[in-house]
Amino acid sequence: MTLDSNVPGGPLAEKWDRHRFESKLVNPANRRRYTIIVVGTGLAGASAASSLGELGYNVLSFCIQDSPRRAHSIAAQGGINAAKNYQNDGDSIHRLFYDTVKGGDYRSREANVYRLAQLSVNIIDQCVAQGVPFAREYGGMLDNRSFGGAQVSRTFYARGQTGQQLLLGAYQSLMRQVEKGTVRSLPNREMLDLVLVNGQARGVIIRNLITGELERYAADAVLLCTGGYGTAYYLSTNAVGSNVTASWRAHKRGAYFANPCFTQIHPTCIPVSGSAQSKLTLMSESLRNDGRVWVPKNPGERRPPQQIPEEDRDYYLERRYPSFGNLVPRDVASRNAKAVCDEGRGVGESGLAVYLDFADAIKRLGLEVIRGRYGNLFDMYTKITDEDPYRLPMRIYPAIHYTMGGLWVDYNLMSTIPGLHVLGEANFSDHGANRLGASALMQGLADGYFVIPYTLAHYLAGSTLPAVSVDHEAFREAEAGVQGQIDRLLAVKGSRTPRQLHRELGQVLWDNVGMARSEASLRTALARIPQLREEFWQNVSVPGPKNNLNKNLEYAGRVADYLEFAEVLTLDALHRTESCGGHFRDESQTPDGEAQRDDENFSYVAAWEFQGVGKAPALHKEPLTFEYVKPTQRSYK
Amino acid sequence: MRIFLKVWRQASPDAQGRFVDYTAEDVSPDMSFLEMLDVVNERLIMQGEDPIAFDSDCREGICGTCGFMVSGIAHGPDPGTTVCQLHMRRFKDGMRLTLEPWRARAFQVLKDLVVDRSAFDRIIQAGGYTSVNVGGAPDGNAVLVGKTASDKAMDSAACIGCGACVAACKNASAALFTSAKISQMALLPQGQVERFQRVVKMVDRHDEEGFGSCSNEGECEAVCPKEIPITNIARMNREYFRALLFSRD
Ligand SMILES: Cc1cc2nc3c(=O)[nH]c(=O)nc-3n(C[C@H](O)[C@H](O)[C@H](O)COP(=O)(O)OP(=O)(O)OC[C@H]3O[C@@H](n4cnc5c(N)ncnc54)[C@H](O)[C@@H]3O)c2cc1C
Ligand code: FES
């Protein structure tokens, strides 16, 4: 199968307009005849389901939480980008486009990114109209901040709870449609398989997480908005229920998985404190605006930080990157933290942490200013670590945070399975090899509010969709497969918990497919993963009933999928012998140890086709061409 | 540390529930409360027993999924803290703690510590929004919003919908939850158009769902992990009476 991105012709700035005009439409009176399944209620899913409901489609909305409002998007803190140029500081659609393509290290599709930048301005308008309480200036205008080292202030925010407020806005719109009867909200439900009829996505198999029953739903199209796969690494900043299951099962049905090795590691998280730890907490990136990152000069230093004199400290980011200093991009900051810890200069009990020090900023600006800027973050830090960052430097360490890879989609957000569309973090489309801060919320809402209403109509109007009922053979077959897997999980009756095995898998991935990857480490992981999978199916313990609420059973199913998915992730990392964005190959460095991209050989999207568990997937390439932003090597020196 | 737990176990909504004793061994002070329960559950799973069902997702105090009573207090003893953010250093070796689900007529127990909070969704469904479709929104700066109004709206909007307010209230009222959304919208210009219909519909739905009425005890405010003040309830009451007086449509 050749991968056709279906990017429309014409000049970049006119593509989306032109495409909207050339797309087919569904007559308003006919829309209610179409049933659309939307899996997931994060920013992408909630915005898609509510918009489609408003247009008059018959929408079924699923999520695994007990309410759509609790999707993982709720946890986003920092903000959402938009090229409004309200600050008159030189921003524009083209600049946001340019920054995103460059930040993504030239591994994203120009046309998609341009559309995203165009739509960013409409998102803010929509959210304001919904009553999202964005931060304001005294004159009543919307406030902005600069985020993640951006040179313009284009980030809109609602205190440290931007994701929460945007999600509640979308959720409330969704609830309005539920009241109107266009959307049916089905929480506490997990999609466990995709149903194909005549090669088209026509339904899903769902497990009701309260009753344990399997349910079948038929539709004319399916939208996956199920988030990223960062939790494959066990410890991450993601919600503990985030998972790869929906994407993975769709992949097994024929949806290609694109660039799984592009994972983002966030440099400022609270370090791991013990083996019972279940997640890592992000400390906002904004801390690096005032905090200075350092480690002791000498390995094995034992003195507490306040007793280490200046001359024995190494402010390694300021030293190596004089022009960007502590504000280098996420991937660079993370990799450098790992490097100094590998040299034995890490701090804290585990030696896996670096200091983020506010002493100078407090001296310069005063305690009150620092409290005003970061008070809530400092409190959160104190709550978790029992240390006072006003007196002692924070200890931070990188953690898995976001996944740029995901199911392959074309310009219409449709996967390689006709009718299966993928939105939000679950797709691979807009962030290339590295995502910029405050751009995930933007993408999720752009996909759901503004892209899918057009591209889905185009699909529906242009396809033959014979009536399908849930009694169709394909539903029976898919349900039997899901039931079979559940029965197998319950039947093992071993002695190891899903969590133990997940934690082991996470450690293998973190050590070998983490911040720096080499052929040797990747081969180690490829040897370990099948062994872990074997161990899982021989020795996992899943007690309790299947036809009842059983969280451990849900979890076991997700771990089973990570154990299959991890292999593709690693294979992708192995095949991409260049360093780019969040993917750093030890073999591909410049003489001074920076990432070395290889445009000649790797300027493409790697889309993997499933061939069977444990079998090497087939690689398909979508070449990337850059007409408007000329690829250059990133430099932050 | 070692902690002795008395946990409510109930297999299904209509099964008989009872307290069961567990001992959490090797508890480190750095663990969160839920991580301590994870460890208890790990042991149960290895022994082939059904682990204690409890809900959680973000584990950083923002999604509102977690929540149960810790020795009679919703989300446990730390003010302004969800149970996922509660840390074991707060407790002493050898302590005895009782864990129970939220108890309220409108929140049915589903299993152990997990309850059905879908009534909250239905309250929002009744009117917790502005009725604007995607598409025609004016520019974000077309309507100015004073910083004070927007900050206050944000204070109310910070509600995470966990249900602690209901569990703590002797009337099992959801007045704090309902009033937080009504206040947010009433404070913002965008919420004005439907101001009166909204409050009436939401309050009526609140009552229909089986939540009790507010008698100003203030227990809700005391346990709210986001410290949402009961002044929201006073505002809701004012809004409701004004709506009855002035609403003509
Ligand atoms: C701590 C943190 C802070 C962040 N801060 C920012 C920020 O400041 N700015 C920014 O732009 N980005 C930020 N991000 C990234 C951003 O939050 C996410 O990328 C984004 O919210 C993802 O949205 P989504 O709609 O794609 O998926 P999610 O919000 O992850 O939603 C996934 C949905 O799918 C459902 N689901 C999953 N699997 C299944 C299944 N099998 N069956 C049924 N339903 C399923 C879930 O129930 C959920 O409703 C942050 C991320 C984290 C972890
Ligand atoms: S798990 Fe999200 S608030 Fe506790």
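Residue numbering restarts at 1 for every chain, and letters A, B, ... go by the order of the sequence lines. When reading the values below, keep in mind they use all heavy atoms of this one structure, side chains included, and skip hydrogens, waters and symmetry mates.
Looking only at side-chain heavy atoms (C-beta outward), A:Gln172 and B:Lys181 come within less than 4.5 Å of each other.
For A:Leu168, the part sitting under 4.5 Å from any heavy atom of chain B is the side chain, from C-beta outward, and nothing else. For chain B, the nearby parts of A:Asp66 are the backbone and the side chain; heavy atoms of each come within less than 4.5 Å. In this structure, the portion of A:Lys551 lying under 4.5 Å from any heavy atom of chain B is its side chain and not its backbone. Neither the backbone nor the side chain of B:Leu86 comes within contact range of chain A; no heavy atoms are under 4.5 Å apart. Only the side chain of A:Lys84 has a heavy atom closer than 4.5 Å to any heavy atom of chain B. Interface residue A:Ser495: only backbone heavy atoms are found under 4.5 Å from chain B. Heavy atoms of B:Met154 lying under 4.5 Å from chain A belong to its backbone as well as its side chain. Contact of B:Ser56 with chain A is made through backbone and side chain together, with heavy-atom distances under 4.5 Å. Of the atoms belonging to A:Ile384, heavy atoms from both backbone and side chain fall under 4.5 Å from chain B. Residue B:Thr65 touches chain A through both its backbone and its side chain, counting heavy-atom pairs closer than 4.5 Å. Looking at A:Ser50, neither its backbone nor its side chain comes within 4.5 Å of chain B, counting heavy atoms on both sides.
Between B:Arg205 and A:Glu179 a salt bridge is recorded (basic side-chain N to carboxylate O distance below 4.0 Å). Salt-bridge formation is detected for the pair B:Asp38/A:Arg499: a Lys NZ or Arg NE/NH1/NH2 atom is positioned less than 4.0 Å from an Asp or Glu carboxylate oxygen. Salt-bridge annotation for B:Lys147 and A:Glu137: absent, with no side-chain N of the basic residue lying under 4.0 Å from a carboxylate O of the acidic one. A salt bridge does not link B:Asp55 to A:Arg70: none of the charged side-chain nitrogens sits closer than 4.0 Å to a carboxylate oxygen.
Note that the CG atom of A:Asn552 and the CD atom of B:Glu49 stand 12.5 Å from one another [nearest 0.5 Å]. Separation of atoms CE (B:Met31) and CD (A:Gln277) is listed at 10.0 Å; rounding is to 0.5 Å. Rounded to the nearest 0.5 angstrom, B:Leu110 CG and A:Ile210 CD1 are separated by 4.5 Å. If you take CZ on B:Arg59 and CG on A:Leu280, they are separated by 12.5 Å, rounding to the nearest 0.5 Å. Here NE2 of B:His87 is found 8.5 Å from OG1 of A:Thr385. Values are rounded to the nearest 0.5 Å.
Under the 3.5 Å distance criterion, with hydrogens and angles disregarded, no donor-acceptor pair is assigned to the side chains of A:Gln130 and B:Thr130.
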One pair to check against side chain to side chain donor-acceptor pair (under 3.5 Å): A:Ser67 and B:Arg117. What are the steps and the verdict? CA-CA 8 Å; A:Ser67 162; B:Arg117 291 172 288 196; over 6 Å; no

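A side-chain donor-acceptor contact under 3.5 Å links A:Asn548 to the backbone of B:Ala11. Distance alone, capped at 3.5 Å, is enough to place a donor-acceptor pair between the A:Ser541 side chain and the B:Ile45 backbone.
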